Amino acid sequence: METLTPPINFVDVIVDVPTMQTNQPYTYRVPAVFSKRIQVGMRVVVPFGKGDRLVQGFVVGTKQEAKTTYALKAVHDLMDLTPVLNKEALHLAQWMAGYTFSFTISCLQTMLPRVLRAKYGKQIVITGDKCTLPAEIRALFQTQTALDYYDERITPSMRAQLATLQRQGELAITYLVQDQAKVKTAIWIEPAVGKDKLTEIAQRLRKNAVNQRRLITAMLESMAGFWQKDVPIPAATFIQAEKHGWLTRVAKEVYRDPYRETNISASQPPQLTPDQLRAVQMITPTITDNQNQVFLLQGVTGSGKTEVYLQCIAQALMQGKTALMLVPEIALTPQMVQRVRARFGKQVAVLHSGLSDGEKYDEWRRIERHEAQVVVGVRSAIFAPLDNIGIIIIDEEHEASYKQEEMPRYHTCDVAKWRAAWHHCPLILGSATPSLETRARAQKGVYQGIAMPRRINGKGLPRVQLVDMRKEYKQSQEADFSRPMVQAIEQRLLKHEQVVLMLNRRGYSSFLMCRECGFVLKCPNCDISLTLHMDTNNMKCHYCGHIEDIPHFCPNCRSTKIRYYGTGTEKVQEELARLFPQARVLRMDVDTTRKKGAHERLLQKFGDQQADILLGTQMIAKGLDFPNVTLVGVLNADTALSLPNFRSSERTFQLLTQVSGRAGRADKEGLVIIQTYNPEHYAIQDASHQNYEQFYRTEMQIRRQMGYSPYYYSIKITVSAATEGAAAKRIYQLNDEVKQILSPQARLVGPSPQSILRIKKRYYFQLIIKYKKEPALDAFLQTLLQQSQNDERNGVRIIIDRDPINNI
DNA sequence: AGCACGCCGACT
DNA sequence: GTCGGCGTGCTC
């Protein structure tokens with residue numbers, strides 16, 4: 001629709017230069033050719049800096065007049081026909097930048113598919129006479145007039161020559177801003193004549209004109225048109241036919257829809273249990289009344305939370321609104337997607353990390369054009385360009401993956417709350433084991449709690465048996481398998497039932513240690529031990545990827561008694577093969593699931609009963625549901641407990657509770673065996689009784705005593721540098737500065753070296769500020785962010801993380 | 001980020 | 001005397 005707004009003469013632009021000094025809008029003049037088309041939220045190309053290098057920018061404001069003392073530069077080009085960011089997105093980015101101590105440009109870019117980010121090029125072009133150039137330089141250009149600035153053939157001496165030629169005006173530097181967004185097209189065939197005419201043409205064809213005959217047949221079958229690639233005849237035949245005037249060929253836009261092939265039968269909403277019905281009845285009025293209410297839907301594993309989500313989404317759709325549902329990466333399985341699609345069909349857009357950049361862009365455009373009303377996706381899907389949102393759902397709310405660990409360090413729940421407030425809609429946080437923060441807010445009435453304590457099938461939770469490994473270890477030296485565990489596995493194998501074994505990998509892996517001198521092989525770049533990989537026969541660093549050979553003798557004392565210690569999935573797999581030679585074992589860990597789709601293939605294989613035992617790391621704890629699994633074994637429950645992190649108890653509890661829910665979900669009785677060295681630890685005790693309430697009470701007391709979240713807010717400042725001294729010096733300096741502005745109520749933890757002091761040849765120190773109310777803190781941190789630019793120059797990196805979730 | 005300006009060491 | 005080192009400041 002044509003609007004009657006006057007032409008725009010000036011725009012405010014956020015440029016793609018992620019630094020603190022440039023974290024502000026810059027004003028540009030709009031040339032007449034663009035003044036009628038340019039709009040807020042569009043991407044533009046603008047000259048920036050001394051050399052007028054071209055950079056991408058986002059228009060965040062427009063104005064008729066600009067009164068400045070300096071000359072304004074002009075917008076170089078528009079990158080969009082319509083805005084890629086709406087008013088909501090621009091406000092959200094602004095808020096997020098302030099809240100997470102990030103640059104506005106970083107926030108804007110995180111909200112968009114990666115292909116909308118510009119690719120930059122720098123070229124050397126010939127401006128003078130090519131023939132007068134030195135032969136050596138001319139050779140670089142070959143037949144071209146432009147040369148990539150970073151071309152590998154350019155030697156340092158050539159660089160000097162090029163610089164001189166540039167000064168003489170023979171050469172010039174130009175900048176390119178390339179849009180990576182490509183729309184995929186395919187050729188669409190539409191008959192240009194009627195059925196009668198086609199039949200007539202067919203009759204007049206030569207007998208051996210096989211391809212033409214096939215084409216006419218195809219056209220007669222679908223007069224509405226079809227894709228050229230769907231009919232297996234040469235392209236030349238189509239081109240000939242077009243020349244004859246039988247048909248038209250049009251390049252039409254196609255979406256790279258990864259799910260298009262699968263035919264999904266529609267599903268009907270099932271009868272709800274009383275728990276589910278109550279939940280739906282509590283939530284749906286808030287959709288209708290545009291109430292910005294946050295709910296905590298706390299339902300045990302198997303209580304049917306997903307069905308509640310689906311019915312709430314249906315309610316939103318019925319009112320012409322849209323719905324946004326977030327799930328952790330690991331839970332976004334094809335089955336999960338299938339289930340949502342079965343209910344809502346083509347209205348569903350799916351955003352997950354398995355999609356290519358092009359596919360993500362296509363899904364994004366479907367949402368943006370209102371072709372999809374329901375979005376299911378992982379963390380970044382919280383920015384889906386939905387209008388008129390009626391409900392936002394975050395499933396498995398406690399998952400750590402909802403927090404982004406790089407700039408901008410946002411937590412999905414915070415963004416979700418902001419968007420829910422903007423759209424005046426409810427936000428549902430769902431979990432069987434809510435984070436303490438969320439649960440505490442429900443307790444205080446900030447969120448409305450909804451409990452779903454019963455499983456759909458009416459079954460109780462599986463029986464849980466704890467095995468004290470300290471006693472077991474005295475009995476036998478079989479490091480990984482206790483006798484009760486071995487017996488239980490044997491029984492399942494006999495009955496042809498399946499077993500899931502979980503190895504808690506966090507902070508625990510197989511490393512080499514010399515039994516003579518205690519030497520441990522460590523990464524030369526990072527301060528952690530190298531992990532043994534039997535399949536590739538080498539030692540790997542899990543942080544930086546450093547690889548080296550397995551030593552045959554100790555590099556320290558030259559003893560040959562250098563053996564591996566600890567437990568990796570590979571070692572357990574070998575032990576399983578020895579204990580149960582007849583069992584078919586599937587191993588699922590970071591190494592076997594690296595390839596795209598490998599994760600699903602393994603699960604499919606296990607689901608088809610092509611294996612007896614599924615052995616894996618944490619990733620098997622979530623979202624899998626196999627009716628024939630009657631035993632879940634946790635080999636090492638407590639390795640995460642010893643990590644220097646105040647959330648380690650919470651994590652352990654959540655993980656054990658989740659994995660326990662995997663046993664006996666159908667008609668068969670399930671058993672869970674947990675092997676632990678800390679059987680009396682409350683996290684393990686409470687998990688074994690599936691007692692969230694008990695755990696919550698105990699953990700809250702500890703949090704209060706220790707001054708942790710949710711009783712205190714926290715902000716983590718991390719300093720890293722190439723030398724230990726430089727990092728330490730800066731963090732202590734910051735410690736002194738921050739002390740000046742804090743009230744006596746605030747607490748400081750540290751400064752302390754991080755649990756892994758050195759990562760990728762950099763040393764890390766951190767300082768944690770725990771506080772309830774500190775009026776001066778935010779300004780201090782914003783100033784620090786400004787200063788961090790100078791630190792960066794000196795090789796010192798400063799990271800500010802609000803509500804950190806790791807390494808505390 | 002990337003470019004220019006500016007003030008100190010070894011070279012045509 | 002100059003070329004060039006990278007410290008510092010700025011980019012509409």
Side-chain angles (χ1 to χ4, degrees), chain A residues 8-32 34-35 38 40 42-79 90 94 97 102-110 117-125 148-151 154-169 171-178 180 406-408 721-722 726 730 783 785-799:
Chain A
I8 289 156
N9 302 320
F10 300 97
V11 282
D12 284 330
V13 176
I14 299 282
V15 291
D16 181 14
V17 183
T19 67
M20 210 53 217
Q21 296 101 312
T22 53
N23 188 30
Q24 49 162 340
Y26 287 88
T27 309
Y28 284 86
R29 189 165 54 75
V30 180
F34 302 139
S35 64
I38 201 162
V40 170
M42 276 183 180
R43 295 174 304 151
V44 286
V45 179
V46 290
F48 194 69
K50 299 270 163 66
D52 276 348
R53 133 184 103 97
L54 296 178
V55 297
Q56 189 186 47
F58 292 93
V59 178
V60 295
T62 59
K63 38 189 161 188
Q64 301 312 313
E65 316 232 4
K67 38 182 195 301
T68 54
T69 50
Y70 47 86
L72 292 178
K73 291 183 185 176
V75 170
H76 183 264
D77 204 359
L78 304 186
M79 292 181 78
L90 293 170
Q94 212 53 58
S102 313
F103 312 127
T104 310
I105 188 69
S106 310
C107 296
L108 290 170
Q109 291 187 331
T110 344
R117 216 172 282 188
K119 238 171 81 181
Y120 294 106
K122 191 176 172 183
Q123 287 187 331
I124 304 168
V125 291
D148 187 85
Y149 186 85
Y150 302 100
D151 195 298
I154 304 174
T155 61
S157 73
M158 286 166 153
R159 281 266 173 239
Q161 279 191 63
L162 289 169
T164 313
L165 288 164
Q166 191 197 334
R167 250 173 273 131
Q168 292 165 357
L171 300 174
I173 307 276
T174 58
Y175 298 91
L176 300 172
V177 179
Q178 281 163 339
Q180 297 184 77
E406 37 306 326
M407 167 104 90
R730 189 69 177 109
T783 320
L785 198 61
Q786 306 269 358
Q787 290 168 6
S788 70
Q789 208 63 45
N790 294 327
D791 286 286
E792 193 80 35
R793 283 245 167 94
N794 302 322
V796 176
R797 197 165 303 147
I798 296 177
I799 294 167

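Each chain gets a letter, A, B and so on, in the order the sequences are listed, and its residues count up from 1. Fair warning: this is a prediction, and the values are worked out from it, not measured in the lab.
Nearest heavy atoms, A:Val13 versus A:Gly57: CG1-CA, 3.7 Å. Between A:Leu78 and A:Phe34, the shortest heavy-atom contact is CG-CD2, 3.7 Å. The two residues A:Val30 and A:Val75 make their nearest non-hydrogen contact at CG2-CG2, 4.5 Å. Minimum heavy-atom separation, A:Val40 to A:Gly61: CG2-CA, 3.9 Å. Contact record, A:Ala721 with A:Val796: CB-CG2, 4.2 Å, taken as the closest heavy-atom pair. The shortest non-hydrogen separation linking A:Lys73 to A:Gly49 is NZ-O, 2.9 Å.
In this structure, the CD atom of A:Gln56 is 17 Å from the P atom of B:dA1, given to the nearest Å. A:Glu65 places its CD atom 22 Å from the P atom of C:dC12, with the value rounded to the nearest Å. Nucleotide B:dA1 holds its P atom 11 Å from the CG atom of A:Asp16, rounded to whole Å. Across the protein-nucleic acid pair, A:Gln24 atom CD and B:dA1 atom C1' stand 15 Å apart, rounded to whole Å. We find that CG of A:Asn9 is positioned 16 Å from C1' of C:dC12, with the value rounded to whole Å. The nearest whole Å value for the distance from the CG atom in A:Asp52 to the P atom in C:dC12 is 7 Å. Distance, A:Ile173 CD1 to B:dA1 P: 20 Å, rounded to whole Å. Atoms CD1 (A:Ile14) and P (C:dC12) sit 14 Å apart, rounded to a whole Å.
The side chain of A:Gln789 has B:dA1 as its nearest neighbour among B:dA1, B:dC3, C:dC12. Here the side chain of A:Phe48 is nearest to one of B:dC3, C:dC12, B:dA1, namely C:dC12.
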Sugar-phosphate or base contact per nucleotide [nucleotides 2-10 of chain C; S, B, -; heavy atom under 4.0 Å]: ------BBB
Mind running side chain to side chain contact (heavy atoms under 4.5 Å, CB included) on A:Phe58 and A:Ile105 for me, showing each step along the way? CA-CA 8 Å; A:Phe58 292 93; A:Ile105 188 69; 3.7 Å; yes
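With rounding to the nearest 0.5 Å, the separation of OG in A:Ser102 from CD in A:Glu406 is 11.0 Å. Atom NZ of residue A:Lys122 and atom CG of residue A:Leu54 lie 12.0 Å apart, to the nearest 0.5 angstrom.
A:Tyr28 comes within 4.0 angstrom of sugar-phosphate atoms only, judged by non-hydrogen atoms across all strands, and of no base. Nucleic acid contact class of A:Tyr149 (heavy atoms, under 4.0 Å, all strands): none.
Consecutive Watson-Crick or G-U pairs involving DNA chain C, each under 3.5 Å on both distances, make up stems of three or more pairs at B:1-11 with C:1-11.
When the side-chain nitrogen and oxygen atoms of A:Lys63 are compared with OP1 and OP2 of C:dC12, none of them lie within a distance under 4.0 Å.
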